[in-house]
Amino acid sequence: MILATRLPWHVQFSETPRPRAAAAIGVDVVVTALRVGMSALEALRFEGEPVGPALCCLAHGSMFIPVEAGTIHRWGAAHSQCLHDSWTCAAACESGWSRCPRRFWLLPHETSFPTTSPDGLHHQLGATRAQLRMVAA
């Protein structure tokens, strides 16, 4: 899987501990496909929206994006799911793995936001998914 970016990111090659910003507060976690999530976060950063850390799983092509607590009750998007403080890949659970073997954190280079804006993320994930569908058609 090729993961391309146009902006600088700090990469933390450890599954745990979570970056302090994400661990210090109760969070909900948006789980989406890695390609869609990466494109959405890049677009948000270009727009100047708050973007926090994101946990990437290369083994399952998933991205875990912390958002403010309480987002789970208003999420409802077909392109992703929002869970309460959950960092486990569903595919890993189904296969009996306790952990995914290739996960790392992406942290925005220029900001120290503890979470990503849930409203901006919801909009951008939908827009990114629509763009990828148009390209594939």
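Heavy atoms only: backbone and side chains are in, while hydrogens, waters and symmetry mates are out.
Taking every heavy atom of both residues into account, L106 and V11 meet most closely at CD2-CG2, 3.8 Å. H84 and I72 make their closest contact through N-CD1, 3.6 Å (heavy atoms, listed as atom of the first residue, atom of the second, distance). Across all non-hydrogen atoms, the minimal contact from R45 to P8 is NH2-O, 2.9 Å. Nearest heavy-atom pair across G37 and L125 is CA-CD2, 4.0 Å. Closest of all the heavy-atom pairs between P66 and P53 is CD-O, 3.0 Å. Minimum interatomic distance between W75 and S80 (heavy atoms only, all atoms of both residues): NE1-OG, 2.9 Å.
Atom-to-atom distance recorded for F64:CZ and C57:SG is 6.0 Å, nearest 0.5 angstrom.
There is a path of hydrophobic side-chain contacts, each under 4.5 Å, that joins V67 to M38. At a threshold of 4.5 Å between side-chain heavy atoms, the hydrophobic network of Ile, Leu, Val, Met, Phe, Trp and Tyr places V36 and W9 in one connected group.
The shortest side-chain heavy-atom distance between F104 and L58 falls under the 4.5 Å cut-off. Counting heavy atoms from C-beta outward, Q124 and E47 have side chains that approach closer than 4.5 Å. Contact of the L34 side chain with the S62 side chain is not registered, since no non-hydrogen atoms from C-beta on lie closer than 4.5 Å. Residues I65 and L55 are not in side-chain contact: their nearest non-hydrogen atoms beyond the backbone lie 4.5 Å or more apart.
Judged purely by atom type and a 3.5 angstrom limit, T116 uses its side chain to pair as donor or acceptor with the backbone of G52. Without hydrogens or angle criteria, D28 side chain to C82 main chain gives no donor-acceptor distance under 3.5 Å.
Between E68 and R74, at least one side-chain N (NZ, or NE/NH1/NH2) sits under 4.0 Å from a carboxylate O, which counts as a salt bridge.
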Which is it for L41 and L121 under the side-chain contact (heavy atoms from CB on, under 4.5 Å) test, yes or no, and what are the steps along the way?
-> CA-CA 7 Å; L41 291 180; L121 179 62; 4.2 Å; yes

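Geometric assessment of R6 against the ring of F46 yields a negative cation-pi assignment under the 6.0 Å and 45° thresholds.
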